[in-house]
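What follows is a set of notes on a single structure, which appears directly below.
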Number of protein chains: 2
Amino acid sequence: MLRSREDAIVASVNRLLAEKGFEAMTMDEVAADVGIAKASLYKHFASKEQLAAEAMIRVLDRALEVTETLQREERLGDLDRLKAVTRWALETQLAGEMPSLPAQDSALRSTLMSHNGYLDRLMRLSDRLGLWITGAQESGALNARLPAEVVLYTLFARACDPVLSLLKIGGNYSDAQIVDTLISTCFDGLTG
Amino acid sequence: MLRSREDAIVASVNRLLAEKGFEAMTMDEVAADVGIAKASLYKHFASKEQLAAEAMIRVLDRALEVTETLQREERLGDLDRLKAVTRWALETQLAGEMPSLPAQDSALRSTLMSHNGYLDRLMRLSDRLGLWITGAQESGALNARLPAEVVLYTLFARACDPVLSLLKIGGNYSDAQIVDTLISTCFDGLTG
DNA sequence: GTCTATAAGAGGATAGAC
DNA sequence: GTCTATCCTCTTATAGAC
């Protein structure tokens, strides 16, 4: 019961973070969205930063599940796997479930960087993606002149790319078209 | 004299916006950075949002100058021009002079969307880039299956791409390497 | 136009009863 | 663990003297 209440809180936080970002999200909104008093939030989580960290952990866990499933698909090449996990991230963003954190907020960053649960998951995910990246580079499917670090950062950034929300707001394309287009521009570039 | 004072204010705002973003920048910091009292700021500019709009206008004016210079270079193709203006944007970001605004803040967005000076410049820039985009697509230099809107949004987004600051923080690459790499991933993709 | 001082309000976090 | 009520700090913006 406590667990499901906390799940509900984190689910609300996740959605609000995706919708408005960390700074614009207020603890009053979270409490109202969950349907409890603000003070009760603090019985479950120590701070707004901790709440954001829990939401990120939830997303990282889902990403790790996705990568594990893709790893088991033996008919897939490493480039296919990278595209598939990118597709999952774009679809998650499209569904309004990809929390967006500020790139440089100091208070939040220091909380995240000292949060072992978060760091552990982030490193496990980075390691797995790193293996796919070097694998795809060795097979020639990915540009081998790009440092693996650049590829990794690019994929993480594309998972939160504001281009998706601009296209969504424009309303001229279906969700599937948006995802396909962004996969194409990310991997094949604008020159195609 | 009034003009140069206001120039100094906007220059500080521009730098602070690039460094910390709109929400993290405070009017106290701006006043301290310029070296005047906070109340004096409000004799020049009505609000924090107006200040951000002025900083954006300054950047858009510089972008328009860059595009005009590139338009006059007759030996360049449209794709070369698009790459050159993207390069300028990345170098501006590297120099800590590209203001970063939140993608979805409502108060700021409504100020910007009702600011004629801002809107006018944004549309003039978009129009010019739009001509280059369709030109490059017609000559086959740019993927003609991509809607011009997608290309335009992608270029705007890459001008503020967080990947640049991640690579800069990492410290493993020179500024020139970072810019070349991001131009490459943007136009040629990760597959190369 | 610049300053000091302060209003006004938002938002994170807590006290203390139940 | 939940609530109401409140604290406290930060930040935007303004008042009013010079």
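Just so we're on the same page: letters track the sequence lines, and every chain starts at 1.
Clustering ILVMFWY residues whenever any of their side-chain heavy atoms sit less than 4.5 angstrom apart, transitively, puts L164(B) in a cluster other than the one holding L190(B). In the hydrophobic clustering of this structure, V85(B) groups with V59(B); members are Ile, Leu, Val, Met, Phe, Trp, Tyr whose side-chain heavy atoms approach within less than 4.5 Å, directly or through other members.
Distance, M27(A) CE to dC10(D) C1': 17 Å, rounded to whole Å.
Exactly one residue among L119(A), L129(A), L64(A) makes a side-chain contact (heavy atoms from CB on, under 4.5 Å) with R124(A). That residue is L64(A).
A heavy atom lying under 4.0 Å from DNA chain C marks the following residues of residues 30-51 of chain B, by number: I36(B), A37(B), A39(B), S40(B), K43(B), H44(B). Contact check of residues 7-26 of chain A against DNA chain C (heavy atom, cut-off under 4.0 Å) returns M25(A), T26(A).
At a threshold of 4.0 Å, the pair E19(B)-R15(B) counts as salt-bridged, since one of the basic side-chain nitrogens sits closer than that to a carboxylate oxygen. One finds no salt bridge joining R75(B) and D80(B) here, because no Lys/Arg side-chain nitrogen approaches an Asp/Glu carboxylate oxygen to under 4.0 Å.
With hydrogens and angles ignored, the 3.5 Å screen pairs a side-chain donor or acceptor of S126(A) with a backbone N or O of L122(A).
Using a 4.0 Å cutoff to heavy atoms of chain A, the contacted part of DNA chain C runs 5' to 3' from dG11(C) to dA15(C).
In this structure K38(A) satisfies the side-chain hydrogen bond (donor to acceptor under 3.5 Å, both in side chains) test together with D28(A), sequence neighbours excluded. Applying the side-chain hydrogen bond (donor to acceptor under 3.5 Å, both in side chains) test to R109(B) and every residue at least two apart in sequence or in another chain returns nothing.
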- Which is it for L82(A) and F187(A) under the side chain to side chain contact (heavy atoms under 4.5 Å, CB included) test, yes or no, and what are the steps along the way? CA-CA 10 Å; L82(A) 288 170; F187(A) 286 90; 4.3 Å; yes
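Among residues at least two apart or in separate chains, side chain to side chain donor-acceptor pair (under 3.5 Å) pairs with a member in residues 150-159 of chain B are D161(A)-R158(B), E149(B)-Y153(B), R158(B)-D161(B).
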